[in-house]
Amino acid sequence: MVSVRVESSLLISCERDRVWAVLTDFELAPRWIKNTLLRLEGSLCEGAELYFSFPKHPRFPGRLTRLQPPEVFGLSFATREFLFTLREVDGHTEVHCSMETPHYARYTLENLERGNQKICQAMLRHLKGLVEETT
């Protein structure tokens, strides 16, 4: 099956350690994975099984796929793979998000890419707002 990968980046006016702390705090995850995630449970260690709670799926399994503090954080659930990379830039933090999903025949490649891009951009905007709010 063909996969679709999109990427997006955003600069946050905060130190990388602060952004990392918010990104990896599972209790805060529903505030930056908005409109869908109700709760995220699991251990903060690479390879750990995670449980994502969504309105129609109260305990959906996933995995923490990458953990290299304070730079790389990867999550997967269902058919979605997310990878966040943090890089210091002049006292700010550039957060890069990539998302990979299979290409389903019922969607055009363009529509799937556009939808996935919107998801990445929304998560980054919400993360930025949450980091700035909690600083």
Side-chain angles (χ1 to χ4, degrees):
M1 180 177 278
V2 175
S3 63
V4 175
R5 181 182 172 96
V6 297
E7 299 182 9
S8 191
S9 295
L10 185 69
L11 196 64
I12 300 177
S13 298
C14 205
E15 293 180 358
R16 183 173 60 179
D17 287 343
R18 180 67 194 137
V19 176
W20 179 261
V22 172
L23 180 67
T24 59
D25 184 335
F26 291 168
E27 288 186 22
L28 294 175
R31 295 186 57 198
W32 62 267
I33 306 174
K34 285 188 138 260
N35 302 325
T36 56
L37 185 67
L38 302 173
R39 186 174 56 249
L40 176 57
E41 302 171 72
S43 298
L44 189 61
C45 61
E46 190 168 313
E49 191 165 347
L50 302 176
Y51 293 97
F52 296 78
S53 296
F54 300 101
K56 293 183 181 181
H57 303 283
R59 195 159 162 84
F60 200 89
R63 186 153 311 279
L64 201 158
T65 56
R66 300 271 308 271
L67 187 68
Q68 297 169 348
E71 297 173 356
V72 181
F73 182 66
L75 302 170
S76 70
F77 61 92
T79 58
R80 296 178 175 184
E81 298 273 342
F82 293 93
L83 185 65
F84 296 89
T85 307
L86 281 61
R87 183 172 69 96
E88 288 184 325
V89 179
D90 298 327
H92 303 291
T93 304
E94 179 185 59
V95 183
H96 181 84
C97 174
S98 67
M99 176 183 180
E100 190 168 340
T101 62
H103 176 223
Y104 300 105
R106 67 181 184 194
Y107 299 108
T108 67
L109 189 57
E110 181 179 286
N111 283 345
L112 187 58
E113 286 174 342
R114 187 174 33 249
N116 287 355
Q117 189 71 40
K118 285 182 181 180
I119 290 169
C120 281
Q121 290 170 344
M123 286 195 306
L124 289 175
R125 279 193 317 273
H126 295 309
L127 178 64
K128 178 181 180 177
L130 184 56
V131 168
E132 292 172 351
E133 171 189 318
T134 59
T135 301

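No hydrogens, no waters, no symmetry mates; every other heavy atom, side chains included, goes into these values. Just so it is clear, the structure is predicted and the values come from calculations on it, not from any experiment. For this chain, numbers begin at 1 and follow the sequence in order.
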Legend entry - Inter-residue atom distance Leu127.CG - Glu132.CD, 0.5 Å rounding: 9.5 Å
Inset, instruction - Search all heavy atoms of Glu7 against all heavy atoms of Ser98 and return the closest pair with its distance. - result: CG-CB, 3.8 Å
Inset, instruction - State plainly whether one hydrophobic cluster holds both Leu37 and Val131, where clusters connect Ile, Leu, Val, Met, Phe, Trp and Tyr through side-chain heavy atoms under 4.5 angstrom apart. - result: yes
Inset, instruction - Search all heavy atoms of Ser8 against all heavy atoms of Leu124 and return the closest pair with its distance. - result: O-CD1, 3.6 Å
Inset, instruction - Could you tell me whether a side-chain N or O of Glu46 sits under 3.5 Å from a main-chain N or O of Leu67, the two making a donor and an acceptor? - result: yes
Inset, instruction - Say whether, by atom type as modelled, one donor and one acceptor occur between the side chain of Ser53 and the main chain of Leu38 under 3.5 angstrom. - result: no
Inset, instruction - Would you give the length of the straight line joining atom OG1 of Thr108 to atom CZ of Arg114, rounded to the nearest 0.5 angstrom? - result: 7.0 Å
Inset, instruction - Please work out which of the three classes, parallel, tilted or perpendicular, describes the rings of Phe26 and Phe73, given edges at 30° and 60°. - result: tilted
Legend entry - Heavy-atom side-chain proximity of Arg18 to Val22 below 4.5 angstrom: yes
Inset, instruction - Check the surroundings of atom CD in Glu15: do more than 12 heavy atoms from other residues, nucleotides or ligands lie under 6.0 Å from it? - result: no
Inset, instruction - Evaluate the ring planes of Phe77 and Phe52, with Trp represented by its six-membered ring, and classify them as parallel (under 30°), tilted (30 to 60°) or perpendicular (over 60°). - result: tilted
Legend entry - Contact summary for Ala48 and Ser43, nearest pair of heavy atoms: CB-O, 3.3 Å
Legend entry - Path from Leu28 to Leu86 over hydrophobic side-chain contacts below 4.5 Å: yes
Inset, instruction - Flag the pair Arg16 and Glu71 as a salt bridge only when some basic side-chain nitrogen lies within less than 4.0 angstrom of an acidic carboxylate oxygen. - result: yes
Inset, instruction - Measure the NZ-OG distance between Lys128 and Ser13 for me, rounded to the nearest 0.5 Å. - result: 6.0 Å
Legend entry - Glu27 atom CD: more than 12 heavy-atom contacts under 6.0 Å: no
Legend entry - Shared hydrophobic cluster for Leu83 and Leu11 (ILVMFWY, side-chain gaps under 4.5 Å): no
Inset, instruction - Hey, could you give me the OG/CE distance between Ser3 and Met99, rounded to the nearest 0.5 Å? - result: 12.0 Å
Inset, instruction - Might you point out which heavy atoms bring Leu50 and Gly42 nearest each other, and give the distance in Å? - result: CD2-CA, 3.8 Å
Legend entry - Met123 and Ile33, any side-chain heavy atoms less than 4.5 Å apart: yes
Inset, instruction - State, to 0.1 Å, how close Val6 and Cys120 come at their nearest heavy-atom pair, and which atoms those are. - result: CG2-SG, 4.0 Å
Inset, instruction - Please report the C-alpha distance between Gln121 and Arg125 in whole Å, then the side-chain angles of each, then the deciding distance to 0.1 Å, and finally whether the side chain to side chain contact (heavy atoms under 4.5 Å, CB included) criterion is met. - result: CA-CA 6 Å; Gln121 290 170 344; Arg125 279 193 317 273; 3.8 Å; yes
Legend entry - From His96 atom NE2 to Leu10 atom CG, the distance as rounded to the nearest 0.5 Å: 12.0 Å
Legend entry - Close side-chain approach of Thr24 and Phe84, heavy atoms under 4.5 Å: no
Inset, instruction - Would you confirm whether Arg63, through its side chain, and Gly47, through its main-chain N or O, come within 3.5 Å as a donor-acceptor pair? - result: yes
Inset, instruction - Kindly say whether Cys14 contributes a backbone atom to a donor-acceptor pair with the side chain of Thr93 at under 3.5 angstrom? - result: yes
Inset, instruction - First locate atom CD of Gln68, then atom CH2 of Trp20, and finally report the distance between them rounded to the nearest 0.5 Å. - result: 8.0 Å
Inset, instruction - Give a yes or no on whether Phe60 atom CZ has more than 12 heavy-atom contacts from other residues, nucleotides or ligands under 6.0 Å away. - result: yes
Inset, instruction - Measure across Pro61 and Glu49 and return the closest heavy-atom pair with its distance rounded to 0.1 Å. - result: CB-OE2, 4.3 Å
